[in-house]
Number of protein chains: 4
Amino acid sequence: MPDAATEPAKRGRPRRGPDPERFREIVDAAAEVFLEKGYSATSIQDISDRVGILKGSLYHYVRSKEDFLYRIIKDVYDEAIDDIRKIGEGEQEPLARLAAFIRAHVRFAAAHLTAYTIQLREFEQLSAERREEIRQGGETYVEALQAILEDGQAAGLVDASLQVRLASIIITGELNSMTRWYSPKGSLEPDQLADVYVGMVLTSVASEAAVTKAGGVEALRTEFALGQG
Amino acid sequence: MPDAATEPAKRGRPRRGPDPERFREIVDAAAEVFLEKGYSATSIQDISDRVGILKGSLYHYVRSKEDFLYRIIKDVYDEAIDDIRKIGEGEQEPLARLAAFIRAHVRFAAAHLTAYTIQLREFEQLSAERREEIRQGGETYVEALQAILEDGQAAGLVDASLQVRLASIIITGELNSMTRWYSPKGSLEPDQLADVYVGMVLTSVASEAAVTKAGGVEALRTEFALGQG
Amino acid sequence: MPDAATEPAKRGRPRRGPDPERFREIVDAAAEVFLEKGYSATSIQDISDRVGILKGSLYHYVRSKEDFLYRIIKDVYDEAIDDIRKIGEGEQEPLARLAAFIRAHVRFAAAHLTAYTIQLREFEQLSAERREEIRQGGETYVEALQAILEDGQAAGLVDASLQVRLASIIITGELNSMTRWYSPKGSLEPDQLADVYVGMVLTSVASEAAVTKAGGVEALRTEFALGQG
Amino acid sequence: MPDAATEPAKRGRPRRGPDPERFREIVDAAAEVFLEKGYSATSIQDISDRVGILKGSLYHYVRSKEDFLYRIIKDVYDEAIDDIRKIGEGEQEPLARLAAFIRAHVRFAAAHLTAYTIQLREFEQLSAERREEIRQGGETYVEALQAILEDGQAAGLVDASLQVRLASIIITGELNSMTRWYSPKGSLEPDQLADVYVGMVLTSVASEAAVTKAGGVEALRTEFALGQG
DNA sequence: AATGAATGAGTTTTCATTCAT
DNA sequence: AATGAATGAAAACTCATTCAT
């Protein structure tokens with residue numbers, strides 16, 4: 001019986017595939033360009049120029065331009081799903097959970113600004129199959145938000161007359177719209193922005209009881225603020 | 001009776017440019033396709049297919065593909081400016097003006113859904129010159145909104161601690177995000193949607209005094225509603 | 001009621017599509033190059049050079065390089081099917097029909113030398129769907145030939161011990177191999193070549209009775225010749 | 001005694017090239033793919049996939065893609081030349097030699113089916129120099145066959161009116177066409193196929209005298225058969 | 001012997017635009 | 001007003017080949 005330890009690894013293929021760090025570097029370059037020019041208006045040449053290699057060389061890493069978009073969106077989408085799952089673990093009170101949700105969302109968008117913005121803007125450019133595949137992933141922000149608002153209504157803390165589905169869509173749009181102007185280079189920290197969002201969103205849905213409990217709208221508007229950033 | 005065969009259809013005037021009705025038809029077709037596929041991903045062929053003519057024929061109406069985008073955005077932008085100017089004429093009370101502003105904005109977005117959506121999404125695809133030219137046009141929604149909020153603060157009806165510039169941007173994003181999901185084919189009428197927006201936005205910025213004056217947040221939330229949809 | 005005679009033709013589209021003569025010209029150019037270099041080794045550039053236009057211009061006529069191959073093969077295949085159908089109409093005697101079949105086949109191959117050669121060589125380069133579609137077309141030369149040989153056996157004129165399916169394949173290969181060397185520029189006329197083929201093929205399958213009836217193999221070999229070339 | 005440390009592993013001889021067995025393996029893989037897809041349509045990637053290594057690694061064995069084709073064709077061509085030389089050694093009678101020639105050819109084609117098919121199909125894809133070099137090699141099948149037929153005519157056993165050059169080309173095409181359909185996986189053994197070919201070819205060229213001598217065409221058709229396969 | 005990154009030149013295809021009719 | 005042929009430039013993608021490791 002041959003000694004397994006001295007026997008060479010099965011002919012040929014360890015086949016590691018491309019270096020994951022280099023791959024990340026390249027996908028990040030693609031994301032930057034997509035953000036600046038838009039996916040469709042970006043050429044493979046634009047990406048390779050940014051990386052500093054020839055355009056043909058990119059096909060070591062992907063099979064098509066769409067693969068770049070897919071990678072960017074898939075990754076941020078998966079992280080977003082994780083993010084949504086973590087929200088509310090711990091927080092019991094609906095308004096506190098709502099505040100936590102908003103803060104988490106703002107932090108997430110700020111932390112993954114490029115990729116998250118691309119996801120919002122360019123999702124429809126993916127092939128139908130890939131859109132479908134990605135959507136299977138899990139609960140969306142809208143759905144999570146809706147659940148919180150429903151809990152809030154049950155607890156009498158969210159205006160009972162609110163159409164929660166519609167409100168969830170509106171609030172999600174409100175939060176997502178930060179990707180249209182927010183820049184990490186500015187002086188506004190994510191938590192400061194979150195404070196503003198939390199204050200505005202909470203008062204926009206709070207019930208009479210919730211306002212009273214907080215000691216008025218203005219009090220409610222700062223109740224969940226982290227304060228000075 | 002004159003000979004119909006030799007007489008040109010329209011009385012006297014030599015036809016200088018293309019038939020404006022046909023032009024509108026074609027620009028509308030372009031807008032539809034831009035909305036569906038995005039400007040950059042749309043080819044001249046896509047547009048001509050939609051119209052039912054050959055692509056070369058489009059150059060009777062425009063000098064370049066960008067001209068279509070320019071026409072669409074310029075027109076809706078100009079109308080938006082008009083829209084903004086009209087708001088508040090008449091309304092004296094800041095919260096009433098804020099409500100009127102929101103309603104007008106929702107109505108406008110709903111009425112010009114395709115063009116307004118394109119303007120939001122594709123403005124950056126215009127040449128720098130045209131972007132500049134269009135921006136000269138007049139006050140933006142954000143600026144108009146900011147002015148109203150400032151008046152509201154002066155009148156003690158808007159939370160004095162609110163960062164009005166930031167709030168204006170957030171609220172505008174919130175309103176504009178309706179273009180991402182609203183459809184005139186759905187059962188939700190623009191005024192019904194406006195009612196929801198008005199309620200949420202007003203309570204999100206109202207001062208303690210404003211809430212008290214209205215008889216509570218829930219009352220404030222319906223004070224400016226048109227009601228039954 | 002409007003007068004149909006004076007009413008203009010329905011807006012826009014007579015849409016004739018490309019000039020069929022020009023199209024033929026271009027497909028013929030493609031066929032020439034495919035013959036010289038092989039389909040896969042031919043670039044779109046090669047074809048456009050032959051035609052004398054830019055490569056992009058070819059896409060007025062086809063949607064892909066494969067379309068050229070399809071057109072060439074489809075057309076010659078359809079004609080071949082027609083050809084096969086016509087053979088034997090009239091001829092009653094099996095050996096006479098066999099001779100007629102061979103002559104027709106040689107004439108056909110000579111008359112469509114380029115396209116028929118391409119069909120034989122490059123059929124497998126078509127997509128699976130197109131191969132399938134074309135094969136649906138009708139009876140092949142092999143099948144037609146087999147039928148004739150079976151009739152010949154029934155009439156006692158073809159060697160009873162002959163495996164007709166195999167013989168049909170062999171004879172078809174023999175006939176088709178002329179595409180590997182035949183040139184219309186040479187001095188050998190199609191009918192002269194057919195005379196040789198007829199003589200060789202008939203004697204290669206004839207029964208004893210057929211030979212006797214003809215007055216010997218050498219007599220049989222010239223019985224169906226057109227003679228003087 | 002030489003210093004073992006400086007001496008290469010294998011006794012004396014420095015290793016010049018790659019392992020010949022591995023080389024054969026790789027060339028065979030290339031041949032398989034060339035057969036399936038055609039030379040021009042095959043990429044180096046296709047070959048390396050078949051072997052199970054990366055494409056860059058193939059350049060340890062060859063200097064270019066064409067080298068694969070050259071190796072395949074050169075080898076089979078040289079063997080074919082040998083094959084042709086051996087034919088007729090021993091056989092004295094022209095028809096017996098013709099039968100032996102056909103049998104040898106069929107056996108050869110069956111034994112080297114892949115390489116021989118590639119040689120027939122892809123010879124023209126070699127560079128002009130290599131085509132020239134290979135052609136220098138020796139007598140071709142057509143020439144050998146022509147010589148036999150001429151001997152046959154001299155002996156009165158081949159139809160005197162036969163154009164032997166043309167007949168040789170036709171018969172060679174007939175034999176070679178087996179590469180278009182023959183498969184060693186089928187139930188037809190090479191010698192069975194050779195029996196059919198021998199019978200058909202001999203009767204297709206035999207003189208009256210040869211037929212009479214054999215006792216009729218049908219007798220002639222089986223005279224050189226090996227019989228049951 | 002093999003890997004995997006990269007090259008550079010090529011391929012097929014797309015597409016905005018022009019223009020004679 | 002529209003056609004349809006063509007252009008010319010650029011797009012996405014392919015691929016034989018090289019090379020440092």
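A, B, ... follow the sequence lines: proteins, then strands. Residue 1 opens every chain. Nothing here was measured: the structure is a model prediction, and the numbers come from that model. Below, all heavy atoms of this structure are taken into account, side chains as well, without hydrogens, waters or symmetry copies.
- Straight-line distance from the CD1 atom of C:I53 to the C1' atom of F:dG8: 13 Å, rounded to whole Å.
- Every pair passing ring pair (Phe, Tyr, Trp, His ring centres under 6.0 Å) that includes a residue from residues 20-41 of chain B is listed here, sequence neighbours excluded: B:F34-B:Y39.
- A donor-acceptor pair under 3.5 Å is formed between the side chain of A:E66 and the backbone N or O of A:S127.
- Distance, D:L54 CG to E:dA6 C1': 14 Å, rounded to whole Å.
- From D:K65, atom NZ reaches atom CD1 of D:I44 across 7.0 Å, with rounding to the nearest 0.5 Å.
- Here the P atom of nucleotide E:dG4 and the CG atom of D:D49 are 13 Å apart, to the nearest Å.
- Side-chain atoms of A:V62 and A:R71, non-hydrogen and from C-beta on, never get closer than 4.5 Å to each other.
- Using modelled atom types, no side-chain atom of D:R50 and backbone atom of D:D28 make a donor-acceptor pair closer than 3.5 Å.
- The residue D:F23 sits apart from the nucleic acid: no heavy atom pair falls under 4.0 Å.
- Rounded to whole Å, atom P of F:dT17 lies 8 Å from atom CG of D:D67.
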Give me the distances for all protein-to-nucleotides 14-16 of chain E N/O pairs that come in under 3.5 Å?
unit_1, atom_1, unit_2, atom_2, d
E:dA16, OP1, B:K65, NZ, 3.4
E:dA16, OP2, B:I44, N, 2.5

Next item on the list: Take C:K55 and C:D46, measure what salt bridge (charged side-chain N to carboxylate O under 4.0 Å, His left out) needs, and give me the verdict at the end.
Entry: CA-CA 8 Å; C:K55 61 186 167 174; C:D46 291 330; over 6 Å; no

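- Heavy atoms of B:F68 sit nowhere under 4.0 angstrom from any nucleic acid atom.
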Next item on the list: With salt bridge (charged side-chain N to carboxylate O under 4.0 Å, His left out) as the test, would you mind laying out the steps for C:E25 and C:R22 before giving the verdict?
Entry: CA-CA 5 Å; C:E25 219 174 297; C:R22 181 67 169 147; 2.9 Å; yes

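- Between its opening and closing five pairs, the helix from E:dA2-F:dT21 to E:dT21-F:dA2 changes axis direction by 10°, a value rounded to 10 degrees.
- Checked by atom type, the side-chain pair C:Y70/C:E133 shows a donor-acceptor distance below 3.5 Å.
- Between A:Y39 and C:L58, the residue anchored closer to the 5' end of DNA chain F is C:L58, taking for each the nucleotide with the nearest heavy atom.
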